Amino acid sequence: MQVYISVDMEGVAGVVHVDQTRRTGHDYERARRWMTAEADAAVKGAFDGGATAVLVNDGHGDMRNLVLEDLDPRAELISGSLKPLSMVQGVAASHACALFVGYHAGAGSRGGILDHTYYGRVVARCRVGGRDWNETALNAAVCGALGVPVALVTGDATACAQARELLGDVDVVVVKDAITRYAARAMHPSAACARIRAAAAAAVRGAGAGARRPFAPSPPHALEIDFVNAACADAAELVPGTRRVDGLTCAYRADDAATLIQVIQAWTILAGSTMV
Ligand SMILES: [Zn+2]
């Protein structure tokens, strides 16, 4: 049984500030080790639960955070960027399930540590089909289109609540509770890893034979992003097929979930180029 794991950083126990999540930040080297430990716990749990192969994808920032030699040697790692499918690069129909580790709340949430959707500096809000979609939903839709269900999401309490609300049938591990956007009450890294390993094992064990329903809303997908200012939307509008809704908002009708991820990347790269 093959298992896929996508790993982000803002939802890792102990992480509360960009000083920990940016390569240039003072506490980055510590935080990347916590992130690697949580990813490793999920890998070990997947093997405990019956996986025979595990593919891990580094999904944060420049996507070169996970320390390869500190990961379980049975796993393979995708790292680096740019990746057409970004946080879910490498997921395939052969995967029995996907696990999302270190995930966070979507842009515009209240009580979510470092909440954002894909590129926080330019995206104020992201909707699909008129509903707020966070990274969990966007990435789960790519997995779902391939028939791969998301079996486990780990992160702060708000990220986990959003995962349940958007995906329905999914296990979660809450590793911290946000007090405000930059403050949280967290588990110790070792305790978080133990919880993640056990939950990953249970989720993978229960993933056989179509037990869980993939998240696969039917296309077309009506994407809308509210940007932080009109210059960002001016740049995003250059992508062919984009409709400018108003000063801040661009829309796109995507025929499949992978196109959502590609359009969001193209929009945000262009929008980011306007930031002064
Ligand atoms: Zn993220």
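We count ligands from 1, going down the list as the structure has it; atoms in each ligand are counted the same way. Along the sequence shown, the residues carry numbers beginning at 1. Keep in mind the model is a prediction, meaning the values are calculated, not measured.
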Indicate every side-chain donor-acceptor pair of residues 58-67 with a distance under 3.5 Å to a residue at least two apart or in another chain.
{"residue": "D58", "atom": "OD1", "partner": "H60", "partner atom": "N", "Å": "3.3"}
{"residue": "D58", "atom": "OD1", "partner": "N65", "partner atom": "ND2", "Å": "3.0"}
{"residue": "D58", "atom": "OD2", "partner": "N65", "partner atom": "N", "Å": "2.6"}
{"residue": "D58", "atom": "OD2", "partner": "L66", "partner atom": "N", "Å": "2.7"}
{"residue": "H60", "atom": "ND1", "partner": "D8", "partner atom": "OD1", "Å": "3.2"}
{"residue": "H60", "atom": "ND1", "partner": "E10", "partner atom": "OE2", "Å": "3.4"}
{"residue": "H60", "atom": "NE2", "partner": "T21", "partner atom": "O", "Å": "2.8"}
{"residue": "D62", "atom": "OD1", "partner": "R23", "partner atom": "NH2", "Å": "3.2"}
{"residue": "D62", "atom": "OD1", "partner": "R64", "partner atom": "N", "Å": "3.1"}
{"residue": "D62", "atom": "OD2", "partner": "R23", "partner atom": "NE", "Å": "2.8"}
{"residue": "D62", "atom": "OD2", "partner": "R23", "partner atom": "NH2", "Å": "3.1"}
{"residue": "D62", "atom": "OD2", "partner": "R64", "partner atom": "NH2", "Å": "3.4"}
{"residue": "N65", "atom": "OD1", "partner": "Y28", "partner atom": "OH", "Å": "2.8"}
{"residue": "N65", "atom": "ND2", "partner": "H60", "partner atom": "O", "Å": "2.6"}

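- At most 12 heavy atoms of other shown residues, nucleotides or ligands fall within 6.0 angstrom of atom CD in E76.
- Nearest to the Zn ion (ligand 1), among the N, O or S atoms that E135 has, is OE1.
- At a cut-off of 2.8 Å, H104 coordinates the Zn ion (ligand 1) through an N, O or S atom.
- Listed by first and then second residue, the side-chain hydrogen bond (donor to acceptor under 3.5 Å, both in side chains) pairs involving residues 140-156 amount to none (not counting sequence neighbours).
- Environment of CZ in R22: sparse, with no more than 12 heavy atoms of neighbouring residues, nucleotides or ligands closer than 6.0 Å.
- The Zn ion (ligand 1) has an N, O or S atom of D8 closer than 2.8 Å.
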